Amino acid sequence: AAHSSAGGLLRANLPSFRQHGVRQISLAGHPDGHPALDREAGATEAVLLEKAGLLLQEGFDVAVTSQFCLDGSRLVSWLRRTRRSLLALRLQLLGTSAGSSGKVSFHVGVPGPTPPMRLARIAEICDVPGSSLKAGNGAAGAQDGPRTVSGPSAFVAQASNGLEDANSGKEAQQQQQPREILMALAEYC
């Protein structure tokens, strides 16, 4: 059967997921806003919360996997806001004694080592705004040549800028390994 939305697909298939032992379902997160919703942050978050609420009420764990984002500070803001909203929703639906079901986790999409021009094409195909590429403040700068390969270092540095360590209250050190910083982003925000 055809479905007009991912939410409709989820509703229709929940019994099948349960029957086959599925415990966690991943949902797409859009740090730049969903293109079909005119990138409006509130509308994008409302759709995500609707799908997550359905899954949490049915006892599934939810993993939100972000579409890759080219602006590290935008990603951090989105993670903080979305995590806060999802945790409040989980608490509202399941209370404090949710037990082992109804977990919420995040996975962050990070631009990998790619020549800037190719990354811009991939961003266009995936409908990810490429303004940070043009501005030179994201994963790769406009000053890079077409054959230059940029890794995630600039993005991770931008994303970690101002990120506070949850335990000590001190700013995260930029000399940390990218993996540690991204783990902190997903867990702390």
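Predicted model, so just to flag it, every value in this text is computed and none were measured. Counting from 1, the numbers follow the sequence of the chain as shown. What's counted below: heavy atoms across the whole structure, side chains too, no hydrogens, waters or symmetry copies.
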Could you grab the distance from atom [atom1] of [X] to atom [atom2] of [Y], nearest 0.5 Å is fine?
X: Gln92; Y: Leu49; atom1: CD; atom2: CG; result: 10.0 Å
X: Arg83; Y: Ser105; atom1: CZ; atom2: OG; result: 10.5 Å
X: Arg80; Y: Leu75; atom1: CZ; atom2: CG; result: 10.5 Å
X: Leu94; Y: Gln57; atom1: CG; atom2: CD; result: 8.0 Å

(request) Could you list the residues that satisfy side-chain hydrogen bond (donor to acceptor under 3.5 Å, both in side chains) with Ser73, not counting sequence neighbours? (result)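 Result, side-chain hydrogen bond (donor to acceptor under 3.5 Å, both in side chains) vs Ser73: Asp71.
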(message) So, using side-chain hydrogen bond (donor to acceptor under 3.5 Å, both in side chains) as the criterion, who are the partners of Arg18 when residues are at least two apart?
(response)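 Expected list: Glu58.
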With a 4.5 Å heavy-atom cut-off, do [X] and [Y] have their side chains touching?
X: Leu27; Y: Leu55; result: yes
X: His107; Y: Ser66; result: no
X: Leu91; Y: Leu87; result: no

(request) Answer with yes or no whether the hydrophobic clustering places Leu93 together with Val64; edges join I, L, V, M, F, W, Y residues whose side-chain heavy atoms lie under 4.5 Å apart. (result) yes
(message) Side-chain heavy atoms nearer than 4.5 Å, only ILVMFWY residues, links allowed to pass through others: does that put Val47 and Leu54 together?
(response) no
Measure across [X] and [Y] and return the closest heavy-atom pair with its distance rounded to 0.1 Å.
X: Arg39; Y: Thr44; value: C-OG1, 4.5 Å
X: Ala123; Y: Leu70; value: CB-CD1, 3.9 Å
X: Lys103; Y: Leu56; value: O-CD2, 4.3 Å
X: His20; Y: Ser16; value: ND1-O, 2.8 Å
X: Leu119; Y: Thr114; value: N-CG2, 3.6 Å
X: Arg81; Y: Ala41; value: NH2-CB, 4.3 Å

(request) Mark yes or no for whether Asp61, through its side chain, and Gln24, through its backbone, hold a donor-acceptor pair below 3.5 Å. (result) no
(request) Could you note down all residue pairs passing ring-ring contact (aromatic ring centres under 6.0 Å, His included) where residues 64-91 supplies at least one of them, sequence neighbours left out? (result)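 Listed once each, the pairs would be none.
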(request) Using distance alone, with no hydrogens and no angle criterion, decide if Glu45 and Thr82 have a side-chain donor and acceptor under 3.5 Å apart. (result) no
(request) Starting from the C-alpha separation in whole Å, work towards a yes-or-no answer on side-chain contact (heavy atoms from CB on, under 4.5 Å) for Thr65 and Phe106. (result) CA-CA 6 Å; Thr65 302; Phe106 288 84; over 6 Å; no
(message) Going by the rule salt bridge (charged side-chain N to carboxylate O under 4.0 Å, His left out), which residues pair with Glu40 if we only count those two or more places apart in sequence or in a different chain?
(response) none
(request) Would you please name every residue forming a salt bridge (charged side-chain N to carboxylate O under 4.0 Å, His left out) with Glu50, sequence neighbours left out? (result)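 Counting only residues at least two positions away or on another chain, Glu50 forms a salt bridge (charged side-chain N to carboxylate O under 4.0 Å, His left out) with Arg11.
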Kindly list each side-chain donor-acceptor pair under 3.5 angstrom involving residues 31-38, sequence neighbours excluded, with atom names and distances?
from, atom 1, to, atom 2, distance (Å)
Asp32, OD1, Arg74, NH1, 2.5
His34, ND1, Ala36, N, 2.9

